[in-house]
Structure formats: C-alpha cells, structure tokens
Amino acid sequence: MKVFEKIKDLQHLLNESRSKNVAIGFVPTMGALHQGHISLIKAARQSCDLVVCSIFVNPTQFNDVGDLSKYPRTIEKDKRMLIEEETDILFLPSVEEIYPKDIDTTNPYDFGKMAEIMEGAHRPGHFDGMAQVVARLLRIVEPHKIFMGQKDFQQQAIVRKMMELMKIDTELIRCPIIREPDGLAMSSRNVHLSPENRKLATIISQTLFEAKENAKTMTLKKVKALALEKLNHPDCSVDYFEIVDAYTITPISDFEDTSSAVICTTVQIGGIRLLDNIILFE
Ligand code: AMP
C-alpha cells in the first residue's frame, strides 16, 4: 500500500492510472477503522481496479471541540487493516493540505431542508463541514466510484445531492450497515461506551428491527409511538427518531404517501451519540 500525504504526489499516481483506464474506487474515512469501514474497502476492491482510502479527521465538521479532540486515532492499526484488504493507496493529508490558506474551500452548496433536520438540527454546521471536505476530496481523487455507508444515511443522501450539484459523474455506492453480533451498528465512537452502556446500546437496533416488523401491519404513527415508548429508558436520551423519504430526507406522515421510507435515529447513551437507521422500503 502506498501512503501519500501530499495532494500532488497522490494526483501524479492517479493521473497515470487514469490514463491507463484504471477504475478508481474511493473510500473516505476519519480512521479508527472497524469492520464497517472494511466492508466499504471490500466493496471497492470488488468493483474497482485501484482502491484509494483516505483518513482525515475533518475539523470543520465537528461543532464541538471536545468531540474532535477525543475522536479515536489508531493510525498504525488502521494501516495494518487496510494492507490486509489489499488497499492500493492511503491518502493521509494534514489539515493544511486540505484547507490551504490561499484557496476558498467553503461549501457553496445549499442543500435546503434535507440538511436542516436530524443531524443537521443537532449538530449546527456539521453538514457544511462534511460537504466541504467531501467536495474537496472528490476534486482531488476524481474517483469513478465513491463508497459510503448506509450507517450515515443522511450524510450519503446529502453527498448524492451534492454530486448532482457539482455535475460530476462519480457514482455513489451505498453499502449496508455492518453490525456487532448483538445488533449494535459498528461505530468508531462505540469504544467510548462503558460496559453497562455498551449492553444497553442494543436497545437502539432492537427498536429499529421491531419497528420494521411493525411497519408491515401498523400505521406510521403507531410504529413511531411504540418505538419511542421502547426507547423511553432512564439512561437513553433520544435526539431524534424520524421516518423520512430515503432520497429527499423529508419526514413522512403516512407510509402510503411515499415510495421509500427509512427510520433514522440518534440516541445518546452515557453522553455518546449513537446513530442508526433502517430502511423500511424503497
Ligand atoms: P467515518 O470514519 O465515521 O467518517 O465513516 C467513514 C465511512 O464509513 C462512512 O461512509 C460511514 O457511513 C461508513 N461506516 C461507518 N460505520 C459503518 C458501519 N457500521 N457499516 C457500514 N459503513 C459504515
């Protein structure tokens, strides 16, 4: 695996590959890799010739400085995991490399309502920061395909929208959520859970699985009410629990009104924000 810290070195190799018609697959991450990230690398490995992974803990998408400083960093382990999956390139830029003083890298796109609800409402500025870095990385790597997790459902929907606005023909591949054996969605933040909270955290996926079953026979209102009742636990704090259209990320009030529906939720357990979602139909 080749590791690049500088854009021009990375682009030199990518331009050479592109001129030989090599299909480039790109997996952007913030590191602290787990099997969820690795599933994206595997998907890229399967359908592309050259697999590029980036690790960059993007400061502009953290609205909380404490959250940024305690974000787990495990670079040596990450490198070993990437080598094991035969990743071709790791792009490991510094903050100055991504945000040089002399170019404007602010996000020029307005995503409207889809970025204002759920994560957008709870983390002001988060999606602007996320769009800023993903746009920058897309322009640097110019991949044929970008692989993103369903785990961050709203994020991948916004990136899809942004790529339309950017008029680039990179294909976005949404990869399924990888879960621990007990159902908890894998996340770099799970390491911060105490043993008791780790056990309790399964309540989130259990609620989503039950809601999907309930949605086969019940109204949306009833599905939501039962789920919120289950999540009403003294050690859980629900940031949001929304049933939205999978593409427009607009809340829906009746399953009959839409051709796609996904439940997105973020629940805080012991102060750790845990995101999860489940696609009901699309
Ligand atoms: P992050 O490092 O958290 O920014 O995540 C990088 C990419 O990995 C994003 O596209 C995430 O959606 C994806 N990802 C994170 N956790 C999982 C998971 N449990 N299953 C599948 N993809 C995931």
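Note that the structure is predicted; figures quoted are calculated from it, not measured. Both counts, for ligands and for their atoms, begin at 1 and track the order of listing.
Membership of an apolar cluster is not assigned to V65, as no side-chain contact below 4.5 Å to another ILVMFWY residue is traced.
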Check residues 153-163 and write down every donor-acceptor pair under 3.5 Å in which the side-chain atom is one partner and the other belongs to a residue at least two apart or another chain.
residue	atom	partner	partner atom	Å
Q154	OE1	E119	N	3.0
Q154	NE2	M114	O	2.8
Q154	NE2	I117	O	2.9
Q156	NE2	F153	O	3.0

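Sorted by chain and number, the heavy-atom contacts of ligand 1 below 4.0 Å come from P28, T29, M30, H34, G36, H37, L40, Y71, M148, G149, K151, D152, P176, I177, I178, M186.
A salt bridge links D182 with R198: at least one charged nitrogen is closer than 4.0 Å to a carboxylate oxygen. A salt bridge links R189 with D67: the closest approach of a Lys/Arg side-chain nitrogen to an acidic carboxylate oxygen falls below 4.0 angstrom. D276 and R179 are joined by a salt bridge, as a carboxylate oxygen and a charged side-chain nitrogen come within less than 4.0 angstrom of each other.
Under the side-chain hydrogen bond (donor to acceptor under 3.5 Å, both in side chains) criterion, E213 pairs with K216, not counting sequence neighbours.
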